Enquirer: 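Right, I'll just put the structure down here and ask away after.
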Amino acid sequence: MRILANSPMLSFPAMTIARYTIKGYIKERVLLAVLVFGFLLMISSYVLSPLAVGAQQKIIIDVGLASVSIFGILLVVLMGAGSYSRERDKGILPGILAKPVSRVDFVLGKFLGTWITVTVVTLCMALVFSGVMLMSRTAFNGTIFVSVYLSGLEVALITAVLSFFSSFTSPLLSSLFTLCVFIAGHFSADLLEFARHFGGTGFKIVATAGYFVLPNLSLFNVRSEAVHNLPLMDGFVGSVTIYGVLYTIVLLFLSALIFRRKDVT
Amino acid sequence: MNVLELDKVSKSFAKGLLGRKHRVLGGLSLQIERGEVFGLLGHNGAGKTTTMRVILGLLRPDGGEVTLFGDRGATRRALSRIGYLGDETGLYPHLNGGEMLQFAGELFRLAPHVIRSRRNSLLKAVGLAEKREVKISKYSKGMRQRLGIAIALMNDPELLILDEPYSSLDPVGRRQLRKLLLSLKQKGKTILLSSHIVPDVEAVCDRVGILSGGTIQKCLSLKEIYAQKTTPVEVTVSGIDPRPLADPVRGVSLVFQNPGAFVLRCEGRGLMKQLVSSVYERGGDVLEIKPLKFSLEDYLLETLTAASADGADTLATEIEELIHAHSS
C-alpha cells in the first residue's frame, strides 16, 4: 500500500488525490482494527470448524468469503465517510479546489484512493483466507476466486454509493445511507419476489422501484456456489462486471454533477 | 491590464433549508491591475472571505461576473497562475511540511525537479527548513500559517490571494511576511490580501477597498487617502489660558491640560497658523507643534462608521415609513 501511495505513476490531479488519500488511510487505526478483526474471524473459523462435523471445509469457505466481503464494505463505510468529511471540516477542500483541480478530479481521486485501499485490504484478507484453506486442507475451486473478484467489484460500487451520498450529506448520514443501500441492495430481488406474490399494489410499486433504482448486490454474492462448488452460468461474471462498472460510473457521474454545483465553504 | 475584475457580483447564503437568504455580497465591483497590491478591509462578516472564494470559484455567485486573466470565471488556466492562502490553512495533519508542499506542487502539475527545488527554497524562506520532516500535527499555529504561505507560493503565482495572512503570526513572523510581500511586489506580482491588522496592510498595499454592506464603500490608493485628509496638528501652549481659543466648530479643540501647559488640536495648516499667532498675540508661548500622522486605520474607522450610520438611517427611515403606512 505504501508503494502505491508513493508511486510516481499516479501523477494526474485525480491520481495525486488518490495517492494522498491512501497515505491518509494508512495512518487510520480503524484500518488496522478491521484488518485484525477480519483475520481473527478467519482463523477462528479454522479453530472452530471441527465442531461442525462433516461441514468443516464448507464453514471455512463460507466464513472466509463472508469476511472478505463484509469487512471490505465495513472499511468503506467507516473510513470513507470520515475521509470525505475531514477534507471539508479541516478546510483542506478549499485549498485543493483553489488549485487547477476540477471537482470531477476530486471525486474521482477520493473514489480511487478509497477503492484501492479497500481492495488491497481485501486482497490481504483473501491471502490469509488462502492460508487458512491450505492449513485445513480445503480444496480450492474456481468459484472461490470469482467470489473474491466480485467482492472487489462490490466494494467499488459501494465506494461509489458513499461518494454519491458524501457529495450532499453529512458523514454520519452518508455512512448510514450507504449501509442501508448495501442491505437493501442484497434483498431487493427477494423483496420484489415477495411483493409480486403477497404484496398490495403500493408495496409492489415500491418494491419494483427499489429493485430498479438500488444496485442488485445479490448478483455479487456467489458464496453459496463457492461453498458447494457449483458452476456459474456462462457469461455471468462478464455481465455482472459490466453491470457493476456501469453502475459505479453512473454514481460517480452523479456525485460529480452534484458536487460541481455545491458551494465550498 | 487588469488581472482580476469583479462586475456586480452578488452572493447570498440561505440559513437552514427553508431559511431566509442572507445577502453577503450585493453587486460588488472591483478591478485589480497587474503588479498591484490591493488590500481588502472590512469588519468581521463584511464578506472578505466570501469575495475571495467567489473569485476562486469555490462559491458560485448569484449574479455578476468574475474575470481572471481575461478568462471568465476560475478556469484551470487561471487557477494555475494563482496562489491562495485561505482563512484556514487546510493542511493534512499526517503529512510533514515537505510532503505537503510536494502535494501542492503535484496538484499544480509541476515537474519533479521544479517541485524539489521550490520545496526546499520555500521551506527556507518561511523558516521551516529544519522542521520539514516534522508532522504537521506537531506544528504550532504560526508554523502552519508559514507553511500555508509557502504552499501559496509553490506555483510561483502571478496573482496571490491571501486571506488574513498575518493571523497567528508573532511579531517576527509578521515582519518576515511583510518583507516577503514587499519583495514579491518588487518582482511585479499582483497581490490581493485581507487583514484585520491595518498597519500591515498599510505597509504593503498600493490601494485598498473598504468592504461594508456587501459592496466596496471606498476604493482608493493610499496616496489618495493621505492627500484627501488634512493632517491634524497638536499645539502645546504655555503662559496663557488658551481655552477661549478652543472652538470645536472651527476645528480647534482642547485635548489636554495641566498646570503648566495646554494641548490644542486643530485641522490643517491655516488653522494652525491662526492659532499660533493668536497665542503669541495674547502673550503666550508655543512649546511644541506636532503633526499627527493620519493612518489608514483612522480612514477605515471613519468609512465604516459613516457606512453603518447610513445603514442605520436607512433602517430608521424604512421603519418610519412602515409605521406611517400601517397607521394610515
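Everything numeric in this text was worked out from a predicted model, so none of it was measured. Here is how names work: the chains are called A, B, and so on, in the same order as the sequence lines, proteins then strands, and each is numbered from 1.
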Enquirer: With chain A, which of B:G86, B:P93, B:S80, B:A104 has the greatest number of heavy-atom pairs at distances under 4.5 Å?
Expert: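 Option with the greatest count: B:S80.
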Enquirer: Chain B heavy atoms under 4.5 Å from A:R261: which part of the residue, side chain, backbone, both or neither?
Expert: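 It is both, since atoms from each part get that close.
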Enquirer: Would you mind telling me which of B:L85, B:L59, B:L56 has the largest number of heavy-atom pairs within less than 4.5 Å of chain A?
Expert: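 Result: the option with the highest number of such pairs is B:L59.
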Enquirer: At what distance, to the nearest 0.5 angstrom, does NZ of A:K27 lie from OH of B:Y92?
Expert: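 It comes to 14.0 Å.
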Enquirer: If you look at every heavy atom in B:H94 and A:Y20, which pair is closest and at what distance?
Expert: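 Minimum heavy-atom separation between B:H94 and A:Y20: NE2-O, 4.1 Å.
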Enquirer: Counting only heavy atoms closer than 4.5 Å, note whether B:A78 contacts chain A via side chain, backbone, both or neither.
Expert: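 No part of B:A78 comes within 4.5 Å of chain A.
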Enquirer: Can you confirm whether B:K124 is buried at NZ, in the sense that more than 12 heavy atoms of other residues, nucleotides or ligands lie under 6.0 Å from that atom?
Expert: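 No, not enclosed.
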Enquirer: Please determine, among B:L107, B:T49, B:I151, B:N155, the option with the most heavy-atom pairs under 4.5 Å with chain A.
Expert: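 Of B:L107, B:T49, B:I151, B:N155, B:L107 has the most heavy-atom pairs under 4.5 Å with chain A.
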Enquirer: Could you please state which residues from residues 150-162 of chain A sit under 4.5 angstrom from chain B, measuring non-hydrogen atom to non-hydrogen atom, sorted by number, or 'none'?
Expert: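 If one takes a 4.5 Å heavy-atom cut-off, no residue of residues 150-162 of chain A lies near chain B.
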Enquirer: Determine whether more than 12 heavy atoms belonging to other residues, nucleotides or ligands lie under 6.0 Å from atom CZ of A:F187.
Expert: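 For A:F187, atom CZ is not crowded (no more than 12 foreign heavy atoms under 6.0 Å).
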Enquirer: Contact part of B:R60 toward chain A, heavy-atom cut-off under 4.5 Å: side chain, backbone, both or neither?
Expert: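 When you check distances to chain A, atoms from both the backbone and side chain of B:R60 fall under 4.5 Å.
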Enquirer: Mind ranking B:F103, B:F13, B:F108 by heavy-atom pairs under 4.5 Å with chain A and telling me who comes out on top?
Expert: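 The answer is B:F103.
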Enquirer: If you count heavy-atom pairs under 4.5 Å with chain B, which of A:D105, A:D263, A:I17 comes out on top?
Expert: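 Most heavy-atom pairs under 4.5 Å with chain B: A:D263.
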Enquirer: Enumerate by number any residue of residues 91-101 of chain A whose heavy atoms lie under 4.5 Å from heavy atoms of chain B; in the absence of such residues, state 'none'.
Expert: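 Checking residues 91-101 of chain A against chain B gives A:G91, A:I92, A:P94, A:I96, A:L97, A:A98, A:K99, A:P100, A:V101.
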Enquirer: Given that the side chain runs from C-beta out, which part of B:I55 has a heavy atom under 4.5 Å from chain A: side chain, backbone, both or neither?
Expert: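 It is neither, since no heavy atom gets under 4.5 Å.
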Enquirer: Checking B:Y84 against chain A: side chain, backbone, both or neither under 4.5 Å from a heavy atom?
Expert: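 Only the side chain of B:Y84 comes within 4.5 Å of chain A.
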Enquirer: Testing the basics here: between B:R109 and A:P13, what is the closest heavy-atom pair and its distance to 0.1 Å?
Expert: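 Nearest heavy atoms, B:R109 then A:P13: NH2-CG, 3.3 Å.
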Enquirer: Heavy-atom count check: over 12 atoms from other residues, nucleotides or ligands less than 6.0 Å from B:K189 NZ?
Expert: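 Counting other residues, nucleotides and ligands, NZ of B:K189 exceeds 12 neighbours.
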Enquirer: Checking B:P112 against chain A: side chain, backbone, both or neither under 4.5 Å from a heavy atom?
Expert: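 Contact with chain A: none, neither part.
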Enquirer: At a heavy-atom separation under 4.5 Å, does B:L91 approach chain A through its side chain, its backbone, both, or neither?
Expert: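 Only the backbone of B:L91 comes within 4.5 Å of chain A.
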Enquirer: Counting heavy atoms not belonging to A:F168, are there more than 12 under 6.0 Å from its CZ?
Expert: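 More than 12 within 6.0 Å, yes.
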